[in-house]
Amino acid sequence: MADVVSFPCVRPRADVVDEVAALPYDVYNLAEAREEIARHPHSFLRIDMAETMLPDTIESNDPAIYEKARELLEDDIADGLYIEDLAPHYYLYRLCAPDGRSQTGVVGCASIDDYQNGIIKKHENTKPDKEIDRIRHVDTCNAQTGPIFLAFRSDGRIEAVMERAADLLPLYDFTADDGVRHTVWRVDDAADEAIIRESFESTDSLYLADGHHRTASAVKAGLLRREQAQAAAGVQSWGEAPELPSDHFLSVNFPSSQLEILDYNRVVSGLNGLSKEEYLERVREHFDIAGSQAEPFKPQHKGSIGMFVDGQWYALEVKDELKSDDPVAGLDVSILQNYLLDPILGIKDPRTDKRIDFVGGIRGLAELERRVATDMTVGFGMYPTSIEELFAVADAGLLMPPKSTWFEPKPRSGIFIHRI
C-alpha cells in the first residue's frame, strides 16, 4: 500500500502565481535561468537556482547559494507573496498542453519509507553530486519546493473526485508562457479526501516518472532528520517516536492513463574517426537504412529511428535479431546504445562521455538539425518509450539507460511548498 498524505501547503497568492510558477530547475542552464528571471522577477527559479542571484564567481555548491535560497524564500513569505493553508489538504493539479491534451494529478506528500521499501519504484540511477546539491537546498530552506512527478495505476476512484472538482471554482487558473494551462483545486470535502487516501492505500506501487535526483535528495534529507530526532529523543527505533514532516516528500501523482511520454533524442560529436561512407556501412550491420531525404524523419513505431547526418535524414529499422522481450534490452534507446553508439561511435558511458548530448522531444527535430549544424555531427530521433515499458522496467527492479523518457507537460515549482 502507498502512503500519500495531505499536508499544510504554503502557496503563492492567486494574483502572482503565474509570475512565481517555474519549470523545474534542471530544465535550465545558468544562462537560461537568468534570462527567465529577467522576464519574471518573482520566478521561483530565484530560489531553486539561487546562484542566479549571486556573482558569477560563486562556486557550485557554495554554502552561500543555499543560504541565499533560504533568505529569498523567507523574505517572499514575510512579504506576503505566499499564503499558508494551515490545515492539511490534498490538491488537484491539471496541466493542459497547447494541443489540448491534459493530465490531472493529486498533490500530496509521499512517504520516504515507501521509497526505501520499493513501493515507490525508480527506473534511473542518480549522481551523488546532484543529490548533494538538492539535499543541501531542502535542508537549508527547511522546505520541499518542487513536487516529484509520480505515476500510478488508478482504480478510477480518484478520477471520479477529479470530475467533481472540475465543477468547482479553482484556486488557480493561468496559462504559462509556453502555452500550458495550469489549474489547481483544493480538496475540501472530507469524503473526497478519504477516497483519495484510501485509493492510494490500495495501490501496490507508485512510479517515479520525473525527478529521480529530487526524490533521492528528499529521502536522504528526511532520513538524516529522522536520525537526529531519534538520537535527541533517545529512542531505539523510529516506531517509538512521533512522525516528522520530513518523513514525507512533496509529490504530484498522475494516473498513468493520462500520461504521454515524448521522445528523448540524442546528438553526437564526431564519427569516431570514420568517414560518412564507412560509418553508414557499419550502421547497416544491425539496422536497415531507407534512403536519405532532406525532410525530418519522425519515427512512427517502436524499432524505428531517425538519423540526421551530413544534411540528410535516414530511416533506420532495427533488424529482427536485435529485438528482445527483456524490459531493458528491448528498449529502442538500449538497442541504439548497444549496437550503434557504443560499438560504432565509441560512446561507452553516455552518462559521462562529453561527445553525446540529449535533446528533449519538446524541442522538436529541428533542434537536432540545429545542433548538427553547429556543434554536433549526427543526431538520432527516437520513438518514445511507453509508460508500460517504464512500468515493466521498474517492476523488474531494473534501470533504463539515461535520458530514456521525457514527460510533458511538466509540473511547475513554487506553486506548492511543503515545510519540513
Side-chain angles (χ1 to χ4, degrees), residues 7-28 30 32-53 65-66 68-85 89-96 105-109 133-134 136-150 170-186 210-211 213-215 217-218 221 245 249-253 407-420:
F7 69 106
C9 182
V10 176
R11 54 187 180 83
R13 297 196 323 260
D15 61 315
V16 297
V17 64
D18 58 332
E19 285 293 309
V20 169
L23 284 166
Y25 71 95
D26 48 7
V27 170
Y28 298 95
L30 189 59
E32 291 170 337
R34 285 193 167 121
E35 290 174 4
E36 180 68 10
I37 292 167
R39 288 191 295 268
H40 300 286
H42 291 305
S43 172
F44 200 78
L45 273 178
R46 297 157 45 251
I47 297 165
D48 254 354
M49 296 180 66
E51 59 268 40
T52 58
M53 311 302 291
I65 295 173
Y66 309 103
K68 186 64 175 179
R70 180 189 58 77
E71 174 192 324
L72 290 167
L73 178 59
E74 291 182 354
D75 286 350
D76 282 354
I77 292 172
D79 292 343
L81 198 68
Y82 293 86
I83 57 178
E84 185 169 6
D85 292 335
H89 292 280
Y90 292 111
Y91 299 81
L92 303 178
Y93 180 17
R94 183 176 69 195
L95 299 94
C96 186
V106 176
V107 181
C109 289
D133 167 57
R134 286 301 105 176
R136 296 176 70 182
H137 193 278
V138 168
D139 205 41
T140 305
C141 290
N142 282 305
Q144 300 155 354
T145 57
I148 308 304
F149 190 151
L150 299 178
L171 294 177
Y172 307 126
D173 192 359
F174 67 94
T175 300
D177 290 347
D178 58 1
V180 176
R181 182 179 178 182
H182 302 261
T183 311
V184 175
W185 297 267
R186 188 175 61 200
D210 198 10
H213 286 94
R214 282 175 284 144
T215 306
S217 302
F249 60 88
L250 185 62
S251 64
V252 56
N253 305 265
F407 284 89
E408 194 73 31
K410 295 182 181 297
R412 272 16 180 210
S413 295
I415 301 178
F416 311 97
I417 296 173
H418 177 223
R419 280 179 152 169
I420 62 167

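Side chains of F44 and I417 form a contact here, defined as non-hydrogen atoms less than 4.5 Å apart. Residues L23 and E36 fail the side-chain proximity criterion, which asks for heavy atoms closer than 4.5 Å. Side-chain contact between H213 and D26: absent, with no pair of heavy atoms (C-beta onward) separated by less than 4.5 Å. A heavy-atom distance below 4.5 Å is found between the side chains of L30 and T52. At least one side-chain heavy atom of R214 sits less than 4.5 Å from a side-chain heavy atom of P24. In this structure the side chain of R419 never reaches within 4.5 angstrom of the side chain of P245, judged on heavy atoms. Residues P170 and V184 form no side-chain contact, since every pair of their non-hydrogen atoms from C-beta on lies 4.5 Å or further apart. Inter-residue side-chain proximity for W185 and R94 is flagged as met; some heavy-atom pair is nearer than 4.5 Å.
H42 NE2: 12 or fewer foreign heavy atoms inside a 6.0 Å radius.
Side chain of N253 to main chain of V106: a donor-acceptor pair is present (N/O by atom type, distance under 3.5 Å, no hydrogens or angles). A donor-acceptor pair under 3.5 Å is absent between the side-chain atoms of Y82 and the main chain of L73, judged by distance alone. The backbone N or O of I47 lies less than 3.5 Å from a partner atom in the side chain of H137, making a donor-acceptor pair.
Expressed to the nearest 0.5 Å, how far CG of L171 lies from CD1 of I83 amounts to 7.5 Å. Between the NE2 atom of H89 and the CZ atom of R186 there is a distance of 4.5 Å, given to the nearest 0.5 Å. Within the model, atoms CZ of F416 and CG of L250 stand 8.0 Å from one another, a figure rounded to the nearest 0.5 Å. Going from atom CG of D133 over to atom CD of E51 covers 7.0 Å, rounded to the nearest 0.5 Å.
Side-chain atoms of Y91 and D85 form a donor-acceptor pair, as typed in the model, at a separation below 3.5 Å.
Residue pairs meeting the salt bridge (charged side-chain N to carboxylate O under 4.0 Å, His left out) criterion with at least one partner in residues 13-25, sequence neighbours excluded, are R13-D15. Sequence neighbours left out, the pairs with a member in residues 170-182 that pass salt bridge (charged side-chain N to carboxylate O under 4.0 Å, His left out) are D173-R181, D178-R412.
Using a 4.0 Å cut-off between charged nitrogen and carboxylate oxygen, D48 and R134 count as a salt-bridge pair.
Summarising the geometry of G146 relative to S413, their closest heavy-atom pair is CA-OG, 3.6 Å, with the distance given to 0.1 Å.
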